[in-house]
Asker: 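Take a look at this one; I'll ask things after.
Whatever order the structure lists ligands and atoms in, that order sets their numbers, starting from 1. All residue numbers in this chain count up from 1 along the given sequence.
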Amino acid sequence: MAGVNAGGGRNHNFKVVLLGEGCVGKTSLVLRYVENKFNDKHITTLQASFLNKKLNIGGKRVSLSIWDTAGQERFHALGPIYYRDSNGAILVYDITDEDSFVKVKNWVKELRRMLGNDVSLCIAGNKTDLEKERHVPVADAEEYAASVNAQHFHTSAKLNKGIEEMFLDLSKSMIAKAGEDTLTRTGGKNRKSVMVVDDEEVQVPKSGGCC
Ligand code: GDP
Ligand code: MG
């Protein structure tokens, strides 16, 4: 999944899946992030099964394949084939819908059971523009996320809030895991190459985020 580019920095290709109940805003988050679009209507299908986004984080080139469902979640028909091989998962709930938060907890259990700690998890409380109708208390959501080693983010696809930060933090977490992986496999010999930073086209600030 990783290679070395001409400047000596590492290239990463990561698969990220979005999971969560229907209508929580998964497709809206992806479209906002990749194409900076928002639609008030439910978007039934994306043109492709995944969208690509390229980032440069501290000189490391990161290419994200962001997989969105085609609505199968409505029929409880999303199986391991959808999320297998993913490096990261974004579990989305709607802050006005308590059931959608319960669904997130089920997804966390399934992902940890099937993929263990190899997968970086983010939980997104979406539709924060509807704060007045909130039914999932912030403290509960954040406490739960911390208890399962997931980052929690407050997002609004409508207002474009919290989305860039979320994907950036998730990417940093996936880079860190890729590094751990190399270290484990080589008994630490590759530590230097993991730390090499290529500064030629820095587009994303290194600070900010807490992964
Ligand atoms: P999905 O089924 O999880 O992919 O959900 P969609 O992205 O299709 O969104 C379902 C509905 O929620 C649509 O009507 C969206 O316009 C709306 N929606 C998505 N994100 C937000 C948000 O941040 N705020 C508000 N108010 N509505 C949103
Ligand atoms: Mg959708």
Side-chain angles (χ1 to χ4, degrees), residues 14-53 64-111 114-115 119-142 144-145 148 150-171 209:
F14 294 131
K15 173 179 172 182
V16 175
V17 289
L18 276 96
L19 287 162
E21 211 167 62
C23 276
V24 293
K26 299 180 295 298
T27 304
S28 301
L29 287 168
V30 179
L31 284 180
R32 173 61 89 185
Y33 183 56
V34 179
E35 297 179 1
N36 198 16
K37 286 183 188 148
F38 180 76
N39 194 318
D40 268 321
K41 308 244 160 52
H42 171 67
I43 305 139
T44 43
T45 46
L46 277 183
Q47 304 247 304
S49 40
F50 67 88
L51 292 179
N52 205 262
K53 176 89 176 178
L64 302 179
S65 306
I66 307 170
W67 290 71
D68 184 26
T69 75
Q72 308 96 310
E73 66 274 21
R74 265 156 244 232
F75 316 107
H76 309 283
L78 266 185
I81 199 153
Y82 171 68
Y83 58 74
R84 74 169 178 201
D85 300 329
S86 42
N87 305 95
I90 298 179
L91 308 155
V92 188
Y93 68 94
D94 171 347
I95 64 160
T96 71
D97 175 1
E98 235 177 317
D99 286 349
S100 72
F101 184 60
V102 172
K103 194 81 200 129
V104 159
K105 293 181 177 176
N106 294 339
W107 275 119
V108 168
K109 278 189 211 133
E110 177 159 347
L111 291 178
M114 302 295 284
L115 306 175
V119 65
S120 297
L121 298 185
C122 270
I123 298 176
N126 191 40
K127 309 197 186 179
T128 53
D129 52 290
L130 302 176
E131 188 62 43
K132 284 189 197 123
E133 295 161 50
R134 175 183 280 281
H135 278 104
V136 180
V138 171
D140 289 6
E142 289 183 342
Y144 170 73
V148 293
Q151 296 284 332
H152 186 281
F153 293 87
H154 304 277
T155 61
S156 168
K158 186 169 185 169
L159 302 180
N160 196 8
K161 288 265 166 65
I163 303 172
E164 297 255 345
E165 294 90 319
M166 177 171 69
F167 279 97
L168 179 57
D169 265 25
L170 182 61
S171 300

Asker: Has ligand 1 got any nitrogen or oxygen that is less than 3.5 angstrom from a nitrogen or oxygen of Leu130?
Answerer: no
Asker: Using heavy-atom distances only, which candidate in Thr69, Asp40, Val92 approaches atom 13 (C) of ligand 1 most closely?
Answerer: Asp40
Asker: Polar-atom distance check: Thr155 versus ligand 1, any N or O pair below 3.5 Å?
Answerer: no
Asker: Pairs in or reaching into residues 88-98: which pass salt bridge (charged side-chain N to carboxylate O under 4.0 Å, His left out), with residues at least two apart or in two chains?
Answerer: Asp94-Lys127
Asker: What are the atoms of ligand 1, with element, lying closer than 4.0 Å to any heavy atom of Asn39?
Answerer: 15 (C), 16 (O)
Asker: Locate the shortest heavy-atom distance separating Lys26 from Thr69; write the atom from each residue and the value.
Answerer: CE-OG1, 3.9 Å
Asker: Both conditions, 6.0 Å and 45 degrees, for the charged tip of Lys53 above the ring of Tyr33: are they met here?
Answerer: yes
Asker: At a 4.0 Å threshold, what atoms of ligand 1 neighbour a non-hydrogen atom of Gly22?
Answerer: 2 (O)
Asker: With a 4.0 Å cut-off on heavy atoms, does Arg32 reach ligand 1?
Answerer: no
Asker: Based purely on interatomic distance, does Phe38 place a nitrogen or oxygen under 3.5 Å from a nitrogen or oxygen of ligand 1?
Answerer: no
Asker: For atom 7 (O) of ligand 1, which candidate among Ala124, Cys23, Ser28 holds the nearest heavy atom?
Answerer: Ser28
Asker: May I ask you to list the atoms of ligand 1 that are less than 4.0 angstrom from any heavy atom of Thr27?
Answerer: 4 (O), 7 (O)
Asker: Could you tell me, atom by atom, which parts of ligand 1 come under 4.0 Å of a heavy atom of Asn126?
Answerer: 20 (N), 21 (C), 23 (O)
Asker: Short list, please: which atoms of ligand 1 are under 4.0 Å from a heavy atom of Glu21?
Answerer: 3 (O)
Asker: Restricting to N/O/S atoms, is Thr27 within less than 2.8 Å of the Mg ion (ligand 2) or not?
Answerer: yes
Asker: Quick check: does Asp129 get an N/O under 3.5 Å from an N/O on ligand 1?
Answerer: yes
Asker: When you measure from the side chain of Lys161 to the backbone N and O of Asn126, does any donor-acceptor pair fall under 3.5 Å?
Answerer: no
Asker: Does the His152 side chain pair with the main chain of Ala150, one donor and one acceptor, at a distance under 3.5 Å?
Answerer: no
Asker: May I ask you to decide if Lys15's main-chain N or O and Ser65's side chain share a donor-acceptor pair within less than 3.5 Å?
Answerer: no
Asker: I need the Trp67 CH2 to Asp85 CG distance, nearest 0.5 Å.
Answerer: 10.0 Å
